[in-house]
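Quick notes on the structure that follows.
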Amino acid sequence: MKTLPFLLPRSRSALHHQAAAPPPPQVAVTTGEEDEDPILDLKAKLYRFDKDGNQWKERGAGSVKFLKHKVTGKVRLVMRQSKTLKICANHLVLPTMIVQEN
């Protein structure tokens, strides 16, 4: 069997691969929750009512937080999905609203 010389490495150092590109620099991520203090933090599921099917459908599962703004004092409810951290609920909570366990 005949081997072609251009397919063989010339030295042992040629067998080693160069390292992949360096990792990208870390970027600071802002969530919009930096100016707010958490009042309550729970795990929950969010459902929506489908009128066409006349049934409840799951909208997301994850962390629900009541956040109070440090300056204005306004409270909002924020829910993020567990794996993707996408916001699936973001609502202002008014003093006239009643929040109760169902």
Side-chain angles (χ1 to χ4, degrees):
M1 180 170 141
K2 188 175 182 181
T3 58
L4 301 174
F6 60 85
L7 294 178
L8 299 175
R10 294 180 186 212
S11 67
R12 287 205 172 267
S13 63
L15 292 174
H16 299 289
H17 297 286
Q18 291 184 359
Q26 291 185 348
V27 178
V29 177
T30 58
T31 62
E33 300 175 10
E34 291 78 21
D35 295 336
E36 297 169 319
D37 292 324
I39 297 172
L40 183 66
D41 189 357
L42 302 170
K43 299 280 184 196
K45 287 186 178 181
L46 178 66
Y47 292 90
R48 66 174 178 83
F49 188 74
D50 181 23
K51 291 180 183 178
D52 297 333
N54 198 26
Q55 63 183 352
W56 289 96
K57 292 191 175 181
E58 188 175 318
R59 173 99 170 115
S63 174
V64 177
K65 295 180 186 178
F66 282 96
L67 301 170
K68 185 174 184 179
H69 197 274
K70 293 177 182 176
V71 177
T72 63
K74 292 183 178 180
V75 177
R76 68 181 178 132
L77 175 136
V78 177
M79 181 172 181
R80 292 183 182 270
Q81 293 180 349
S82 294
K83 294 180 183 177
T84 62
L85 299 180
K86 289 175 65 176
I87 293 178
C88 55
N90 184 13
H91 299 282
L92 183 64
V93 178
L94 300 174
T96 58
M97 293 180 176
I98 298 172
V99 178
Q100 65 185 15
E101 187 177 340
N102 190 1

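Since the structure is predicted, the reported quantities are computational estimates derived from the model, not experimental observations. Numbers here are sequence positions counted from 1.
- Residue K86 holds its NZ atom at 13.5 Å from CE of M79, rounded to the nearest 0.5 Å.
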Under 3.5 Å, sequence neighbours excluded: what are the donor-acceptor pairs made by side chains of residues 55-63?
residue, atom, partner, partner atom, Å
K57, NZ, D50, OD2, 3.4
S63, OG, D41, OD1, 2.9

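- Take V75 and apply the side chain to side chain contact (heavy atoms under 4.5 Å, CB included) test, not counting sequence neighbours, and it matches I39, F66, K68, V93.
- With sequence neighbours left out, N90 forms a side chain to side chain donor-acceptor pair (under 3.5 Å) with R76.
- Atom NZ of K45 is separated from atom OG of S82 by 10.0 Å, given to the nearest 0.5 angstrom.
- Under the rule for a side chain to side chain contact (heavy atoms under 4.5 Å, CB included), the partners of L92 that lie at least two apart in sequence or sit in another chain are K74, L94.
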Report, one line per pair, each donor and acceptor closer than 3.5 Å where one atom sits in a side chain of residues 21-31; sequence neighbours left out.
residue, atom, partner, partner atom, Å
T31, OG1, E33, N, 3.2
T31, OG1, E34, OE2, 3.3

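- Every residue two or more places apart in sequence or in another chain that forms a side chain to side chain donor-acceptor pair (under 3.5 Å) with T84 is listed here: Q81.
- Cluster membership for F49 and L46, using ILVMFWY side-chain heavy atoms within less than 4.5 angstrom, is not shared.
- Here the shortest heavy-atom pairing between I87 and R80 reads CG1-NH1, 3.6 Å.
- One hydrophobic cluster, built from ILVMFWY side chains closer than 4.5 Å, holds both L77 and L40.
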